[in-house]
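The next block holds one structure in the form of structure tokens; read it before the comments.
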Amino acid sequence: MSGETVLVFSEEAEAIPGLLAAARAAVGPGPGRVELAVLADGGGPAGSAVGGADRVYRLLLPENARHDPELVAVALRRAQEAANPRLTLVASTKRGRETAARLAGATDSAVSTGVASFALEPEGVRIRREVLSGNALGEEVLLGPRPIVAVMLGAPVPAVPPTTPPEIIDVPPPEGAGRIALVERTVKPAGGLRIEAAERIVSVGRGLRKKEDLSLIEELARAMGAVVGCTRPIAAEAGWLSDDHWIGLTGHRVKPRLYVAVGISGAVQHLVGMRESTVVVAINKDPNAPIFAQSDFTVTGDLYTVVPALVRALSGA
Ligand SMILES: Cc1cc2nc3c(=O)[nH]c(=O)nc-3n(C[C@H](O)[C@H](O)[C@H](O)COP(=O)(O)OP(=O)(O)OC[C@H]3O[C@@H](n4cnc5c(N)ncnc54)[C@H](O)[C@@H]3O)c2cc1C
């Protein structure tokens with residue numbers, strides 16, 4: 001369809017080029033517009049350095065207020081009112097999904113998250129998204145004004161510099177922007193890990209008996225030049241590793257060249273996150289573990305024997 005506007009928003013700078021590209025593809029060539037809303041503190045030209053947007057709304061939220069997702073959604077709503085978009089597009093990340101839900105609640109609009117693809121059609125926005133634990137794609141049409149779509153982005157898209165400077169509109173902070181004070185900043189211990197980009201992953205599951213034994217897995221990862229991944233129970237229930245390592249339906253989607261699954265049963269929700277790995281090796285003491293059916297190489301045995309033996313072999317000891 002032509003002559004329509006898609007409004008893009010993300011708090012994660014690296015998601016913006018991919019969202020802009022997806023929005024541009026949806027409006028097509030011609031009079032369609034792509035507009036971008038970004039958080040800004042008023043100092044810099046946030047977002048305007050990225051090509052692909054016809055207009056940039058700078059949501060002037062002080063840093064303390066950005067920790068309040070409700071205030072972020074209120075600020076975004078103001079940009080949405082100004083842009084009057086056919087569709088508002090965010091990334092289907094933890095934060096993006098929350099923003100989408102809050103904005104949809106505030107505007108009584110249709111929302112869909114985990115969206116694989118979307119198209120602007122006369123009757124509504126047609127989306128495809130994973131259903132049945134990622135084993136099928138469902139197709140839906142979002143009806144009503146100003147729907148919101150949280151789309152799953154693939155590999156990061158490089159930002160292109162703008163050919164013509166976009167129009168910049170400052171959106172003043174909403175009321176209550178001072179109600180949260182930033183007291184202290186603590187750096188996340190595993191911050192910075194982008195497991196999606198890893199070429200080799202050694203992933204661990206509930207076969208591990210205690211947190212201290214993670215050193216075994218870390219040693220194997222070091223010997224292989226790999227990063228450590230895990231199943232949901234290891235991150236979400238035991239808390240032995242941060243969410244950055246969590247792979248699966250509700251975690252990160254990875255496609256390394258080599259995925260070594262250690263003490264992982266192979267539940268469908270985990271497989272969804274790693275099934276695009278090129279080569280899968282599984283170590284499990286249960287010969288009937290479902291992960292074996294998804295693996296190229298299998299080792300039936302106790303990880304407490306197999307992993308140290310592998311480390312010795314890899315280090316030539
Ligand atoms: C809505 C929803 C979303 C979910 N999202 C995710 C997700 O994103 N990611 C995810 O991973 N899970 C997710 N889950 C959970 C998922 O269903 C499984 O419960 C989880 O993946 C199992 O983790 P696991 O393989 O570590 O543990 P288990 O299933 O308990 O498997 C442990 C395995 O270790 C083996 N083992 C035990 N001792 C040893 C030993 N000494 N040596 C070798 N092998 C050993 C056992 O034989 C077993 O196969 C989700 C569940 C739901 C309901």
Side-chain angles (χ1 to χ4, degrees), residues 91-98 101 112-116 129-138 150 152-154 190 193-196 198 201-221 224 226-256 259-277 280-313:
S92 192
T93 57
K94 228 181 200 176
R95 192 69 184 197
R97 288 192 292 268
E98 174 155 12
S112 197
T113 60
V115 170
R129 67 183 182 91
E130 288 182 351
V131 293
L132 302 174
S133 298
N135 284 313
L137 279 178
M152 292 190 299
L153 295 172
L193 173 66
R194 277 206 69 251
I195 203 160
E196 290 91 345
I201 295 174
V202 174
S203 204
V204 65
R206 243 182 337 206
L208 204 67
R209 283 197 284 267
K210 54 187 192 302
K211 185 179 181 182
E212 291 67 39
D213 298 346
L214 271 176
S215 58
L216 277 177
I217 306 301
E218 286 160 354
E219 236 181 297
L220 178 58
M224 288 175 43
V227 301
V228 174
C230 67
T231 59
R232 182 168 91 161
I234 298 297
E237 289 159 27
W240 294 348
L241 286 168
S242 72
D243 292 3
D244 299 340
H245 301 260
W246 168 354
I247 291 165
L249 179 68
T250 42
H252 298 275
R253 310 282 173 110
V254 296
K255 34 179 153 178
Y259 190 87
V260 182
V262 184
I264 291 177
S265 59
V268 65
Q269 294 90 353
H270 185 74
L271 299 178
V272 156
M274 48 66 71
R275 65 181 167 205
E276 289 187 50
S277 306
V280 177
V281 178
I283 302 166
N284 200 302
K285 69 177 185 185
D286 174 6
N288 298 314
I291 188 81
F292 282 166
Q294 308 294 326
S295 304
D296 301 284
F297 299 94
T298 62
V299 182
T300 308
D302 188 329
L303 73 89
Y304 287 89
T305 312
V306 176
V307 171
L310 267 177
V311 173
R312 279 197 301 277

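Ligands are counted one by one from 1 in listed order, and the atoms in each one are counted from 1 as well. For this chain, numbers begin at 1 and follow the sequence in order. Note that the coordinates shown come from a computational prediction; the quantities given were computed from them, not determined experimentally.
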Handout entry: Winner among Thr231, Ile247, Val204 once heavy atoms are compared against atom 9 (N) of ligand 1
Key =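 Among Thr231, Ile247, Val204, the closest heavy atom to atom 9 (N) of ligand 1 belongs to Ile247.
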
Handout entry: For atom 30 (O) of ligand 1, the option (of His252, Arg232, Glu237, Arg206) bearing the nearest heavy atom
Key =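 When every heavy atom of His252, Arg232, Glu237, Arg206 is considered, Arg206 comes closest to atom 30 (O) of ligand 1.
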
Against heavy atoms of [X], which atoms of ligand 1 measure under 4.0 Å?
X      : value
Gly301 : 42 (N), 43 (C)
Asp286 : 47 (O)
Leu249 : 7 (C), 8 (O)
Thr250 : 3 (C), 4 (C), 5 (N), 6 (C), 7 (C), 8 (O)
Gly251 : 8 (O)
Gly205 : 26 (O)
Gly248 : 7 (C), 8 (O), 9 (N)

Can you check whether [X] has an N/O within less than 3.5 Å of an N/O in ligand 1?
X      : result
Gly263 : yes
Cys230 : no
Ala267 : no
Ile234 : no
Lys285 : yes

Measure the distance from [atom] to every protein heavy atom, then report the residue, atom name and distance (to 0.1 Å) of the closest one.
atom                    : result
atom 42 (N) of ligand 1 : Leu303 N, 2.9 Å
atom 46 (C) of ligand 1 : Asn284 OD1, 3.6 Å
atom 36 (N) of ligand 1 : Gly207 CA, 3.5 Å
atom 41 (N) of ligand 1 : Asp302 OD1, 3.1 Å
atom 17 (O) of ligand 1 : Gln269 OE1, 2.8 Å

Just wondering, do [Y] and [X] contact through their side chains at under 4.5 Å, heavy atoms?
X      : Y      : answer
Lys94  : Asp243 : yes
Leu310 : Ile283 : yes
Pro308 : Leu216 : yes
Arg129 : Leu137 : no
Trp240 : Val204 : no
Arg253 : Val272 : yes
Asp244 : Ile195 : no

Handout entry: CA sep, side-chain torsions, deciding dist, call: Ile234, Thr231, side-chain contact (heavy atoms from CB on, under 4.5 Å)
Key = CA-CA 6 Å; Ile234 298 297; Thr231 59; 3.6 Å; yes

Exercise for the section: Please confirm whether Pro233 comes under 4.0 Å of ligand 1, counting heavy atoms of the residue only. Expected result: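 Under 4.0 Å: yes for Pro233.
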
Exercise for the section: Pick one of side chain, backbone, both or neither for how Ser265 approaches ligand 1, counting any non-hydrogen atom pair under 4.0 Å. Expected result: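 Both backbone and side chain.
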
Problem - For ligand 1, the portion of Val262 having any non-hydrogen atom under 4.0 Å away - result: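 No part of Val262 is near ligand 1 at this cut-off.
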
Problem - Separation of Met274 CE from His252 NE2 (nearest 0.5 Å) - result: 16.0 Å

Practice task
Nearest 0.5 Å please: distance from the CZ atom of Arg209 over to the CG atom of Leu303.
Solution key: 7.5 Å

Handout entry: Heavy-atom closest pair, residues Phe292 and Pro287
Key = CD1-O, 3.4 Å

Exercise for the section: Grab the two heavy atoms, one from Ile247 and one from Ser203, that are nearest each other, plus how far apart they are. Expected result: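 For Ile247 versus Ser203, the nearest heavy atoms are CD1-OG, 3.9 Å.
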
Practice task
Answer yes or no: are there more than 12 heavy-atom neighbours, outside Phe297 itself, under 6.0 Å from its atom CZ?
Solution key: no

